[in-house]
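For this chain, numbers begin at 1 and follow the sequence in order. Side chains included, hydrogens not; waters and symmetry mates left out as well; all remaining heavy atoms used. Since we're looking at a predicted model, the values are computed, not measured. Note that ligands are numbered from 1 as they come in the structure, with each ligand's atoms numbered from 1 the same way.
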Amino acid sequence: MRAAIKKEVKNILGSSQHSSKDWIKQKWQKSKMNDIKLAVLGGERTGKSALTVRFLTKRFIGEYASNFESIYNKHLCLDGKQLNLEIYDPCPQSQKTKFSLTSELHWADGFVIVYDISDRSSFALAKALIYRIRKPQSTPCKRFVEPAVILVGNKQDLSHVREVGWEEGHGLALDRHCQFCELSAAEQTLEVEMMFIRIIKDILTNFKLKEKRRSSGSKSMAKLINNVFGKRRKSV
Ligand SMILES: Nc1nc2c(ncn2[C@@H]2O[C@H](COP(=O)(O)OP(=O)(O)OP(=O)(O)O)[C@@H](O)[C@H]2O)c(=O)[nH]1
């Protein structure tokens with residue numbers, strides 16, 4: 001039954017299921033400025049697939065197969081710019097074995113970290129994931145730009161059984177320099193769309209910052225080379 005639903009979603013989206021091997025190969029391909037890679041991570045059953053599918057199809061299907069990881073592709077136009085979006089939706093097994101996030105950190109330009117407001121343990125996991133993503137680099141690099149992150153408290157329609165307050169989510173996001181929102185994949189289409197647009201815009205801002213640092217880095221290198229070799233030539 002679940003597999004049939006997944007097949008339906010796949011047909012709607014033109015998504016691709018990848019073995020871990022394929023995915024690892026893809027990570028090292030050079031990204032272009034208009035290629036955006038987004039990883040949706042979080043605890044089990046928090047609604048990662050529901051949010052992704054809601055964004056891509058505007059539909060809420062209710063049950064999603066969770067035995068394989070997927071990368072969905074979407075072409076979109078934002079502020080007049082054509083973008084190729086890839087969204088990685090892991091399966092619970094892959095998340096359990098890959099908590100180090102090494103591959104995800106290399107692959108993704110941004111992260112949507114999801115917890116369920118009616119499940120405190122999912123908030124603890126979201127917190128751990130954010131701390132991992134925001135962990136200072138072991139080899140600091142001037143050109144390094146922190147990946148864009150949005151913390152999402154899903155299942156807002158279950159406020160009557162809430163275990164995590166809005167303030168807690170907001171506080172964690174502020175503390176770790178992330179965006180934050182609470183919403184319901186089950187009941188809201190626009191809010192889900194706005195959430196994805198927010199993170200995509202942050203990623204685009206990061207791209208510009210990286211490009212600026214790269215070009216100022218190569219200018220200073222050219223200046224340095226000129227100073228060293230230029231002077232030497234004069235003295236000969
Ligand atoms: N009430 C409510 N249920 C939701 C919402 N979003 C998802 N669900 C339900 O939560 C369950 C898990 O949703 P999924 O989208 O499969 O969650 P997931 O994080 O992708 O799950 P795994 O990949 O299996 O860990 C399903 O029964 C969904 O119908 C929501 O906003 N409100």
Side-chain angles (χ1 to χ4, degrees), residues 1-13 15-20 23 37-74 85-99 101 103-104 107-108 110-130 132-133 149-166 168-169 180-196 198-199:
M1 175 66 180
R2 284 183 138 220
I5 294 161
K6 189 79 179 189
K7 199 173 168 198
E8 187 196 342
V9 173
K10 192 179 165 188
N11 288 340
I12 300 166
L13 301 174
S15 72
S16 42
Q17 266 75 47
H18 295 253
S19 72
S20 303
W23 197 59
K37 293 179 166 65
L38 201 52
V40 181
L41 306 179
E44 252 179 270
R45 314 282 296 156
T46 50
K48 299 180 294 296
S49 303
L51 285 165
T52 306
V53 172
R54 175 67 99 177
F55 172 61
L56 296 169
T57 68
K58 301 194 188 329
R59 290 172 66 184
F60 178 72
I61 294 171
E63 283 303 324
Y64 305 85
S66 55
N67 47 356
F68 42 84
E69 54 189 17
S70 309
I71 294 183
Y72 298 103
N73 302 299
K74 185 180 170 76
L85 178 65
E86 285 180 74
I87 305 182
Y88 169 60
D89 178 11
C91 58
Q93 292 85 342
S94 64
Q95 283 221 118
K96 266 179 207 149
T97 53
K98 293 197 297 192
F99 188 74
L101 298 187
S103 313
E104 285 83 349
W107 181 83
F111 295 87
V112 176
I113 304 295
V114 187
Y115 67 93
D116 170 352
I117 65 152
S118 66
D119 173 10
R120 174 149 292 279
S121 66
S122 73
F123 184 65
L125 182 67
K127 195 172 185 171
L129 287 168
I130 289 183
R132 173 68 191 94
I133 294 166
V149 180
I150 186 162
L151 175 65
V152 178
N154 188 33
K155 308 197 186 180
Q156 203 187 32
D157 54 295
L158 299 181
S159 282
H160 51 288
V161 284
R162 179 190 279 279
E163 288 185 3
V164 186
W166 183 91
E168 283 182 86
F180 172 68
C181 69
E182 268 191 7
L183 44 70
S184 164
E187 293 187 348
Q188 297 172 321
T189 305
L190 191 64
E191 284 76 0
V192 173
E193 191 177 348
M194 294 315 295
M195 179 274 285
F196 275 97
R198 268 170 82 184
I199 185 79

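Close contacts of ligand 1 with Leu158, meaning ligand atoms under 4.0 Å from a residue heavy atom, involve 1 (N). Against a heavy-atom cut-off of under 4.0 Å, Asp157 is close to the following atoms of ligand 1: 1 (N), 2 (C), 30 (C), 31 (O), 32 (N). Of all atoms in ligand 1, listed by their number and element, those nearer than 4.0 Å to a heavy atom of Glu44 are 25 (O). The atoms of ligand 1 that sit less than 4.0 Å from any heavy atom of Asn154 are 5 (C), 6 (N), 31 (O). Those atoms of ligand 1 with a heavy atom of Ala50 less than 4.0 angstrom away are 6 (N), 7 (C), 15 (O). Against a heavy-atom cut-off of under 4.0 Å, Gly62 is close to the following atoms of ligand 1: 26 (C), 27 (O), 28 (C), 29 (O). Below 4.0 Å from some heavy atom of Ser184 lie the following atoms of ligand 1, by number and element: 31 (O). Those atoms of ligand 1 that come under 4.0 Å of a heavy atom in Ala185, given as number and element, are 6 (N), 31 (O).
The heavy atom nearest to atom 5 (C) of ligand 1, out of those in Lys155, Gln156, Glu187, is found in Lys155.
Considering backbone and side-chain N/O of Ala186, one or more are found under 3.5 Å from N/O of ligand 1. Taking distance alone, with nitrogen or oxygen atoms compared against 3.5 Å, Asp89 stays at or beyond that limit from ligand 1.
Considering Asp89, Val112, Thr52, Ile150 in turn, Val112 is the only one that fulfils the side-chain contact (heavy atoms from CB on, under 4.5 Å) rule with Leu38.
Lys74 forms a cation-pi arrangement with Phe55, by the criterion of a distance under 6.0 Å to the ring centre and an angle within 45° of the ring axis.
Applying the salt bridge (charged side-chain N to carboxylate O under 4.0 Å, His left out) rule to Glu191 yields no partners; only residues at least two apart in sequence or on another chain are considered.
Under the 3.5 Å distance criterion, the side-chain polar atoms of Arg198 are matched with a main-chain donor or acceptor of Phe180. Here the side chain of Lys48 pairs a donor or acceptor atom with the backbone of Gly43 at under 3.5 angstrom.
What you find for Tyr115 and Ala126 is that their closest heavy atoms are CB-CB, 4.0 Å. Across all their heavy atoms, Glu69 and Tyr88 have their closest contact at OE1-OH, 2.8 Å.
Taking 4.0 Å as the cut-off, Cys91 does not count as a neighbour of ligand 1 on heavy-atom distance.
The closest side-chain donor-acceptor pair between Asn154 and Thr46, if any, does not fall under 3.5 angstrom.
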